[in-house]
Amino acid sequence: MSQFIKPRAPKGFRDFLPRAMLRRRYVIGCITEIFERFGFDPLDTPILELRETLFGKYGEDAEQLIFSAQHGRSASEPLAMRYDLTVPLARVVAQHESQLHLPFKRYHIAPVFRGERPQRGRYREFYQCDADIVGVAGVMADAEIVIMMQQILSRLGFPQFVIKINHRRLLTAIGAFSGLPADQLPDLYRSVDKYDKLGADGVRAELAARGIAEDAISRMMDLLQAHAPGTASLDQIEDALGKGENGLGELRELADLLAAAGVPAEHYDFDFTMVRGLGYYTGPIFETVISQPNLGSITGGGRYDNLIGMFRRQSLPTTGTSFGIERIIDLLDALDLYPAELGGTLVQALVTVFGADTRHESLRIAEALREAGINAELHLESRKLGRQIAYADRKGIPLVAIAGSEEISAGVVKLRRLADGYELFVDLEDIGYAAQALLAGS
RNA sequence: GUGGAUGUAGCUCAACGGCAGAGCACCUGAUUGUGGUUCAGGCGGUUGAGGGUUCAAGUCCCUUCAUCCACCCCA
């Protein structure tokens with residue numbers, strides 16, 4: 001035993017066996033389909049970026065989680081593994097702008113890496129599914145992102161979900177209104193973000209612990225907790241803050257557009273206690289939380305108009321969202337929301353082999369099935385028939401094609417459907433059609 | 001990074017400081033051309049690793065590694 005290396009993936013990194021892979025492919029397929037339906041085109045970028053591309057974008061804490069990736073003998077270019085897909089997007093836009101047409105709408109589904117301590121729903125390598133619109137400053141772009149989020153979450157079959165919407169400028173305005181110094185805004189964000197977990201009193205306590213004045217706390221808590229159906233909560237805030245560059249106008253416009261697009265009112269909600277952690281957001285922000293099994297947020301996004309300016313003289317307005325497919329998959333697992341036909345294998349038919357004298361015929365059967373578009377696996381060893389059928393059964397292959405000496409001398413193939421044991425004989429030239437019919441359940 | 005819990009067969013878990021076990025899975029046969037049920041048999045372990053206490057350690061102590069949970073942070 002000790003001569004073997006203990007088989008183990010690195011901490012926070014996972015293998016995906018076929019059954020899990022099929023589920024991932026299903027989820028990614030649903031999301032991709034709707035991204036494309038909304039006019040987004042695919043983009044991919046290297047897993048490694050120059051260290052200087054990533055650093056200075058995420059904040060000090062996050063930077064400590066970036067994996068560096070050095071090759072032993074070429075230390076000339078300091079490299080790091082990508083931490084998200086947003087900074088690579090900004091780099092690509094700045095680098096290839098002559099080849100892109102604005103507005104640039106791209107989606108990007110790829111693994112990213114963070115050196116966090118792993119936990120359920122949190123890994124060191126995980127996929128992000130991002131869709132972003134570069135070059136549009138107006139709320140139409142934000143509205144399209146939210147409309148698309150709503151369609152994807154519905155498509156995945158979540159019975160109930162709420163997209164929380166807030167606005168970064170509104171949070172800033174509330175802070176200013178309450179008399180909070182600008183340099184304490186990050187403290188405000190961090191504490192308010194825990195509202196769901198700590199409750200109003202917990203947030204008050206934490207703000208106080210951060211050294212924020214009592215009267216400022218109570219003034220802003222009243223505003224942050226404003227909650228009323230539809231745009232009524234916006235009215236409450238406006239009564240206190242008045243009109244101005246506080247994001248309220250954009251949120252009203254957003255509500256108007258969502259309603260016009262037919263987004264059901266129960267699927268979105270203005271929630272002034274929702275804060276996105278990342279510092280680069282500048283406008284409307286979005287987040288979806290599903291609370292049944294609590295795995296944290298499954299989507300996150302918003303407007304970040306200044307990020308591209310890190311790579312380019314003039315920035316470009318950008319808005320977008322990210323789907324956390326690892327958590328979505330964990331939720332679909334828990335709620336069992338996969339379509340029934342999603343099994344453990346893609347193989348639709350197993351072609352049995354009796355022995356050396358019949359294997360030519362088995363090869364021809366497999367080929368006939370494949371020509372008919374059926375995923376056919378040829379049994380590569382001539383074990384006894386019961387073993388071969390048992391193999392198909394355990395693997396979840398629905399059909400077995402049998403051609404022993406009896407069938408061969410009669411010029412036919414026997415097809416057996418394992419679900420109900422139904423069998424029929426067909427000519428080789430009809431096998432594709434017959435197999436299709438059996439798979440369809442007739 | 002901080003705190004807590006847990007590591008025994010491929011998997012889920014038992015075993016008072018006293019011979020390491022069960023269920024499931026796997027393999028073989030009953031059934032030489034028919035799976036899922038049943039029956040019989042079989043394979044499978046340096047109890048995560050290292051050290052200590054003891055006549056004796058899976059069990060107690062220390063160290064270390066890993067996993068899970070909470071915090072921090074996030075998808």
Side-chain angles (χ1 to χ4, degrees), chain A residues 1-14 17 27 31 58-66 82-86 109-130 149 186 189-191 193-194 197-198 202 206 275-279 286-290 294-302 320-331 350 352-355 358 379 382-409 414-423:
Chain A
M1 207 56 171
S2 59
Q3 74 266 31
F4 295 113
I5 294 167
K6 190 174 184 181
R8 158 177 100 71
K11 184 202 288 279
F13 290 73
R14 298 162 296 159
L17 301 185
V27 172
I31 295 173
Y58 303 107
E60 235 173 88
D61 290 348
E63 259 168 31
Q64 298 186 339
L65 304 177
I66 296 176
R82 67 178 164 214
Y83 182 84
D84 69 2
L85 302 177
T86 305
I109 299 176
V112 302
F113 303 87
R114 298 184 186 179
E116 296 185 274
R117 184 181 284 216
Q119 236 176 83
R120 185 161 76 130
R122 173 191 298 187
Y123 310 96
R124 289 186 157 188
E125 178 190 25
F126 63 96
Y127 271 66
Q128 284 197 328
C129 299
D130 283 22
M149 288 167 74
Y189 293 160
R190 211 161 308 160
S191 299
D193 201 26
K194 295 181 199 164
K197 201 176 291 180
L198 301 179
E206 207 178 296
V275 183
R276 303 279 314 142
L278 286 171
F286 328 114
E287 179 171 284
T288 310
V289 174
I290 291 183
N294 187 11
L295 289 176
S297 59
I298 57 169
T299 79
T321 188
S322 179
F323 286 77
I325 71 159
E326 313 297 348
R327 290 177 182 177
I328 287 173
I329 286 168
D330 285 347
L331 281 170
L350 179 76
T352 61
V353 175
F354 279 76
T358 68
H379 205 279
S382 46
R383 289 201 283 169
K384 48 192 288 192
L385 185 61
R387 307 299 317 148
Q388 299 191 42
I389 292 175
Y391 168 77
D393 184 44
R394 278 201 300 267
K395 190 164 165 177
I397 301 171
L399 289 183
V400 175
I402 301 168
S405 53
E406 294 168 23
E407 287 82 5
I408 292 173
S409 57
K414 185 192 277 182
L415 280 177
R416 177 179 178 85
R417 180 165 58 197
L418 295 192
D420 56 3
Y422 177 72
E423 290 185 339

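What's counted below: heavy atoms across the whole structure, side chains too, no hydrogens, waters or symmetry copies. From a predicted model like this one, the values you see are computed outputs, not experimental measurements. Note on naming: letters A, B, ... go to the chains in the order of the sequence lines (proteins, then strands), and numbering restarts at 1 for each one.
Taking atom C1' on both B/rC72 and B/rG3, the two are 11 Å apart, rounded to the nearest angstrom. Comparing B/rA9 with B/rA22, their P atoms are spaced 14 Å from each other, to the whole Å. Across the C1' atoms, B/rU59 and B/rU53 are found 13 Å apart, a figure rounded to whole Å. Spacing between B/rC61 and B/rC16 at atom P, rounded to whole Å, works out to 16 Å. Remark: the separation of the P atoms in B/rG58 and B/rG52 is 15 Å, to the nearest Å. Across the C1' atoms, B/rC24 and B/rU67 are found 22 Å apart, a figure rounded to whole Å. Rounded to the nearest Å, the gap between the P atom of B/rC11 and that of B/rU46 is 13 Å. For the C1' atoms, the distance linking B/rC43 with B/rA56 amounts to 31 Å, nearest Å.
Under the stacking criterion of a centre-to-centre distance below 5.5 angstrom and an interplanar angle below 30°, A/F126 sits stacked against the six-membered ring of B/rA75.
Residues A/G300 and A/T321 come closest through the heavy atom pair O-OG1, 3.4 Å. When all heavy atoms of A/T352 and A/I402 are compared, the closest pair comes out as OG1-CA, 3.4 Å. Residue A/A110 comes nearest to A/R82 through the heavy atom pair CB-NH2, 3.2 Å, listed as atom of the first residue, atom of the second, then distance.
A/I389 has its CD1 atom 4 Å from the C1' atom of B/rU34, to the nearest Å. Distance, A/L385 CG to B/rG35 P: 8 Å, rounded to whole Å. Distance A/H379 NE2 to B/rG33 P: 14 Å, rounded to the nearest Å. The interatomic distance linking A/I109 (CD1) with B/rA75 (P) rounds to 17 Å, in whole Å. B/rC74 atom C1' lies 10 Å from atom CG of A/D193, rounded to whole Å. Nucleotide B/rU34 holds its C1' atom 15 Å from the CG atom of A/L399, rounded to whole Å. Taking atom CG on A/L65 and atom P on B/rA75, their separation rounds to 11 Å, with Å as the unit. Rounding to whole angstrom units, CD of residue A/Q64 and P of B/rC72 are separated by 17 Å.
Between the side chain of A/R327 and the backbone N or O of A/S297, at least one donor-acceptor pair lies under 3.5 Å. A donor-acceptor pair is defined here as one N or O able to donate and one able to accept, closer than 3.5 Å; no such pair exists between the side chain of A/E116 and the backbone of A/L65. Distance alone, capped at 3.5 Å, places no donor-acceptor pair between the A/R114 side chain and the A/I66 backbone.
With sequence neighbours excluded, the residues forming a side-chain hydrogen bond (donor to acceptor under 3.5 Å, both in side chains) with A/R417 are A/D420, listed by chain and number. Residues that satisfy the side-chain hydrogen bond (donor to acceptor under 3.5 Å, both in side chains) test with A/T288, not counting sequence neighbours, are A/T299. Residues that satisfy the side-chain hydrogen bond (donor to acceptor under 3.5 Å, both in side chains) test with A/R14, not counting sequence neighbours, are A/E326. Listed by chain and number, the residues in a salt bridge (charged side-chain N to carboxylate O under 4.0 Å, His left out) with A/K395 are A/E377 (sequence neighbours excluded). Residues forming a ring pair (Phe, Tyr, Trp, His ring centres under 6.0 Å) with A/F126 (at least two apart in sequence, or on another chain): none. Under the side-chain hydrogen bond (donor to acceptor under 3.5 Å, both in side chains) criterion, A/R416 pairs with A/E423, sequence neighbours left out. By the salt bridge (charged side-chain N to carboxylate O under 4.0 Å, His left out) test, A/K194 is found to be paired with A/E206, residues two or more places apart in sequence or in another chain being considered. Under the side chain to side chain contact (heavy atoms under 4.5 Å, CB included) criterion, A/A390 pairs with A/R394, sequence neighbours left out.
Within 4.0 Å (heavy atoms only), A/Q388 reaches no atom of the nucleic acid at all. Contact annotation for A/I402: base contact, defined as any heavy-atom pair under 4.0 Å involving a base atom. Nucleic acid contact for A/F354: base, since at least one base atom lies under 4.0 Å from a heavy atom of the residue. Looking at heavy-atom distances under 4.0 Å, A/T352 makes no contact with the nucleic acid at all. Residue-level contact check: A/E125 touches neither bases nor backbone, having no heavy atom under 4.0 Å from any strand. Counting any heavy atom pair closer than 4.0 Å across all strands shown, A/G386 reaches sugar-phosphate atoms only and no base atom.
The strand RNA chain B forms stems, runs of 3 or more Watson-Crick or G-U wobble pairs with distances below 3.5 Å, at B:1-7 with B:65-71, B:10-13 with B:21-24, B:26-30 with B:38-42, B:48-52 with B:60-64.
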Identify each atom pair where a protein N or O and an N or O of nucleotides 41-43 of chain B are less than 3.5 Å apart, giving names and distance.
none

Heteroatom pairs (N/O) under 3.5 angstrom, protein to nucleotides 23-31 of chain B:
none

Atom pairs under 3.5 Å, N or O on each side, protein against nucleotides 64-70 of chain B: can you list them with distances?
from: B/rU67; atom 1: OP2; to: A/K11; atom 2: NZ; distance (Å): 3.2
from: B/rC69; atom 1: OP2; to: A/R120; atom 2: N; distance (Å): 2.8
from: B/rA70; atom 1: OP2; to: A/Q119; atom 2: OE1; distance (Å): 3.0

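Here CG of A/L418 is found 7.5 Å from CG of A/L399. Values are rounded to the nearest 0.5 Å.
Using cut-offs of 30° and 60° for the angle between ring planes, the A/H379 and A/Y391 rings count as perpendicular.
Among B/rU34, B/rC72, B/rG36, the nucleotide with an atom closest to any side-chain atom of A/K194 is B/rC72. Listed nucleotides: B/rA75, B/rG35, B/rG33. Nearest to the side chain of A/L418: B/rG35.
Nearer to the 5' terminus of RNA chain B, by closest-nucleotide assignment, is the contact made by A/R416 (compared with the other of A/E326 and A/R416).
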